[in-house]
Amino acid sequence: MEAFRYIDKIHMKEEMEEALEAVIKLFRQEKRVSIVIENYGNRKFKIKDIIYFETQNRKLLLHTVNDI
């Protein structure tokens, strides 16, 4: 995994605006990310469908608009 943007608190207003514009641009591109899921193999997800990741009992849960 990699961070999408680092926002410095000193320049938060300017950098937040630029970061949000970059996210909107990324979502419009319909890019997908490939993730290996136990018992399901390699699956692709649209970046815009991913809501957040969560850890639970040493497992990573991927929350999407359709499922966990």
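- Rounding to the nearest 0.5 Å gives a distance of 12.0 Å between NZ of Lys13 and CE of Met16.
- Grouping the Ile, Leu, Val, Met, Phe, Trp and Tyr side chains by contacts below 4.5 angstrom, directly or via other members, places Tyr52 apart from Ile24.
- Hydrophobic clustering of Ile, Leu, Val, Met, Phe, Trp and Tyr side chains at less than 4.5 Å, counting indirect connections, keeps Val36 apart from Val33.
- Atoms CG and CD, on Leu60 and Gln56 in that order, are 10.5 Å from each other to the nearest 0.5 Å.
- Summarising the geometry, atom CG belonging to Asp49 is positioned 14.5 Å from atom NZ belonging to Lys44; distances are rounded to the nearest 0.5 Å.
- Note: the hydrophobic cluster containing Leu20 does not contain Ile47 (ILVMFWY, side chain heavy atoms under 4.5 Å, direct or indirect links).
- Annotation: side-chain hydrogen bond (donor to acceptor under 3.5 Å, both in side chains) contacts of Thr55 (sequence neighbours excluded): none.
- Scanning for side-chain hydrogen bond (donor to acceptor under 3.5 Å, both in side chains) contacts around Glu18 gives Arg5, with sequence neighbours left out.
- Among pairs with a residue in residues 52-68, those fulfilling salt bridge (Lys or Arg N to Asp or Glu O under 4.0 Å) read Glu38-Lys59, at least two apart in sequence or across chains.
- Distance check: Thr64 OG1 to Phe45 CZ gives 6.5 Å after rounding to the nearest 0.5 Å.
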